[in-house]
Amino acid sequence: MSELGAGAELPGWGADSRRRSGKDGRDSRQADIKYPSGWNEWKRASSKSWKKSLKGIKGLSSYLKLWRHDIHSIEGKFGTGIKAYFSFLRFLVQLNFLLFILMFSFVTLPTVISNYGIFNSSSAEIFPDDTEPYCTVYTPTGNKGLVYFYTYLKDLLTGTGFLEVTVLFYGYYTVDAAWLSVLRYNIPLAYLLVTFAYLGLSLLWIIKRSVEGFKQNLVHAEDQFQSYCNKVFAGWDFCITDLNAARLKHHSLLYELQADLEEERLKQKIADRTMKEKLRIYTLRIFLNIIVIAVLLGCFYSIYRATVFSQENSSDVNSVNFQANLLVQYLPSIVITLVNFIAPQIFSFLIRFEDYSPAYEIRLTLMRCVFVRLANIGVLLFSLWSQIHCATDRCKACGYNYELYPCWESAVGQEMYKLLIFDFMIIIAMTLFLDFPRKLLVTYCSWKPVQWCGLQEFGISDNVLEIIYGQTICWIGTFFSPLLPAIATIKYFVIFYIKKVSLIHTRKPASRPIRASSSNFFFLVVLLIGLILALVPLGVSIAHIPSSKACGPFRSFDTSWAIVPHTVLGFPTGLRKVIYGIASEAFAVPFFIVVCLIMFYLIALAGAHKRVVEQLREQLVMSFGQNVIRTETT
Amino acid sequence: MGGSSSLLPRDALGEYQVGGCRVGGDRGIGNAGSRVWGSSRIVGPRECGESRAVAGAEPLPSGHPGLTALSPQELTFLNKQEILLAYKRFSELLPKEQRENARTVRVPASQILTLPELRANPFRHRICHVFSTSVDEDDSMSFEDFLDMLSVFSDTATSDVKSHYAFRIFDFDDDGTLDGKDLEKVVNCLTGQGEAQLSSTEMEQLIQNILEESDIDKDGTINISEFQHVISRCPDFVSSFKIVL
């Protein structure tokens, strides 16, 4: 082998590269000869070997990265916009896995171990004096005796029955403290802290990822002054190897360029609009927006009715009528999915009459869809809480509707569990029973209308909204159902393959692809909105709604948050004083002022940088001008 | 791994470690007339200056320590696996009897264009033309040229290198500036040869807009620095100017 290699040809190569190295190479060589220093030599060698080993490690670790090869080949085939979606999916798998590890190791594992009596543990049995005894009655409807096999299936799908009092739901975690010899592991406190930790961790990770894109957006803000250059010079995605995808890309580029030119003409037209036309368009827009709001309200109301109906009827129906009960249980999920499907169609139909520019049209429709998706979850939770909260006297004693919900946290957990499972089933079913037959039809049937319909497009924004919706559910649900991240991890893992199959085999790439640079940022911003939306219901249920007295880790406290003041009371006096100090106004007001000052400073700094950039740009133009003058005079 | 490394001996890799830094100043000399940018070929990463200095010293014996200290990663933007893969793909383009000496044989342009990575690319002829160092102007490629190309289109190549080559690819008449005709050809490549095309008024308006945006000195053409300035403010460029082998 070595005969083939260096020995024979190396001098040739050496001479070759010497010839190539040219003038500047010689200069640097001379510089090297002038200052031969052992220290420099060593420094260079060591830095080189360090870089080499670093690269080696990087290369190795890239092998361990999940789906490295799949994402690579998708990028190669369909371009960077679609790749962005798949790497976003991978990010969610990693995030959920981390959340699962966190929840499992700090909450589930200690509880399970102490339940099996390996540690000495104590259940929370101390009740506040004013608790009515009937608040603490919790008899889960576990399956007793002989049951039909499909009951298990139903339980698996709805999270009731044998699943209700398992590690999956809040109600199971009744252990108050685990004793490891003398160390006391406070499980309720851990439960609350882990909840904060997973929310904080998600926030940090999203921000860390989006900072990259944000920086890019800020520095290279895609200014309108060079949108045509961007489209022409960076328009072709050199990764594309699929001929079909290339044809689509040609089409989309042509379409985009034409649309831009058209838009420019439209802008001209808008500027020339008469007063009367303006008036007409604005009234039309107001009218259409009222319709949009009406549609939204209709959606929300139907979700509310469905949830109330489902909650009132699911508990009293026995397992006699299996299908009906399952349908009632899943009614909110079904209605939400329907709304998610229908509302965007209505919006994209209505937007045509509003006479916006094409780019704005897409953005507005997208924003409306995001709003519908995330608001639906909010409405569902709101209707659940309107059920949990009640105003009668007996309710007042416990603080929640104990008759319907002896353990309301578990009920919310079940609802979230159902949503997640149903969403998953819908995604699988869409691919299996809709896309796949359609593909077969299009391939093997030459009937005109079928061919005209063609294949469904793989729309990135729809798909992203779909998974962000799932992630928001997961964030909300993890407090009530600690192992939900594990289910979400599996779900996204499977979805990756389903989407891959659907992309390659059953769907065609979208004719208007989304750009990689803007999409990465856009995904994360919507995800951030989802996270913030998840914070609201969680905050309300932790701090405001009385915790169940019959189940869960917080049954000896008024609310879940009450454990924090309780813990602080147990601290040594010095530490307690510090914490009280931080929480007091005397600290908060100055702190707020300082933060404001820092913010103003940064804003001013950003403004200054902007001006510097502008000046530099002017200088550049000037130097070009001078160059021209110089070449003209000579 | 073992299989592919047997195709390209490890010692030979060591040579690319030197030869890989192919910043060849005089490389384009054979056809210098048409190669305006041939004199400043930049393919490898930063340390090129250093390694060139090493390589350019006295003819080195094969076991010279200076050689073994260098790695292929430092000289092209590719890592070891990528170079081995490139070698494998390159030799597959050759007829069986020539595979033995794949490192010296040139592959004709028609063969190169059959690569799936280039097949769908509307600029494939330009890419072949720009990276070929053939004296006969037939756009054939040697393995070095092939590595050059992959290095420029790799993930890690800097934006400067990429935009430099992009300029040359878009410069259809090789005259060192992008004028209206070049731009028209670029746009036609982008929109494809299908039945739908931009109308001539649209094309005119488009070229006008492009020049308005990028032609800072208002001479009606885009030169390399203007082009690089535009590209530097174009966030999608680096991620899309990439070929994945």
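Proteins get letters first, then strands, A, B, ... in listed order; numbering begins at 1 in each.
Contacts of I127(B) with chain A are made by side-chain atoms alone, with heavy-atom separations under 4.5 Å and no backbone atom involved. For F241(B), the parts lying under 4.5 angstrom from a heavy atom of chain A are both the backbone and the side chain. Residue L115(B): no heavy atom, backbone or side chain, is found under 4.5 Å from chain A. Only the side chain of L183(B) comes within contact range of chain A, judged by heavy atoms closer than 4.5 Å.
A pairwise comparison of heavy atoms in L261(A) and N209(B) identifies CD2-ND2, 3.7 Å as the closest pair. What you find for F238(A) and I243(B) is that their closest heavy atoms are O-CG1, 3.8 Å. The two atoms that bring S239(B) and C239(A) nearest to each other are O-SG, 4.3 Å, heavy atoms only.
When V232(A), D237(A), L257(A) are compared by the number of non-hydrogen pairs under 4.5 Å with chain B, V232(A) comes out ahead. Looking only at heavy-atom pairs under 4.5 Å with chain A, the residue among I222(B), L206(B), L190(B) that has the most is L190(B).
Contact annotation: the side chain of P122(B) approaches that of H250(A) to within less than 4.5 Å [non-hydrogen atoms, C-beta and beyond]. Side-chain contact check for S240(B) versus W236(A): every heavy-atom pair is 4.5 Å or farther apart. The side-chain heavy atoms of I210(B) and F233(A), taken from C-beta on, include a pair separated by under 4.5 Å.
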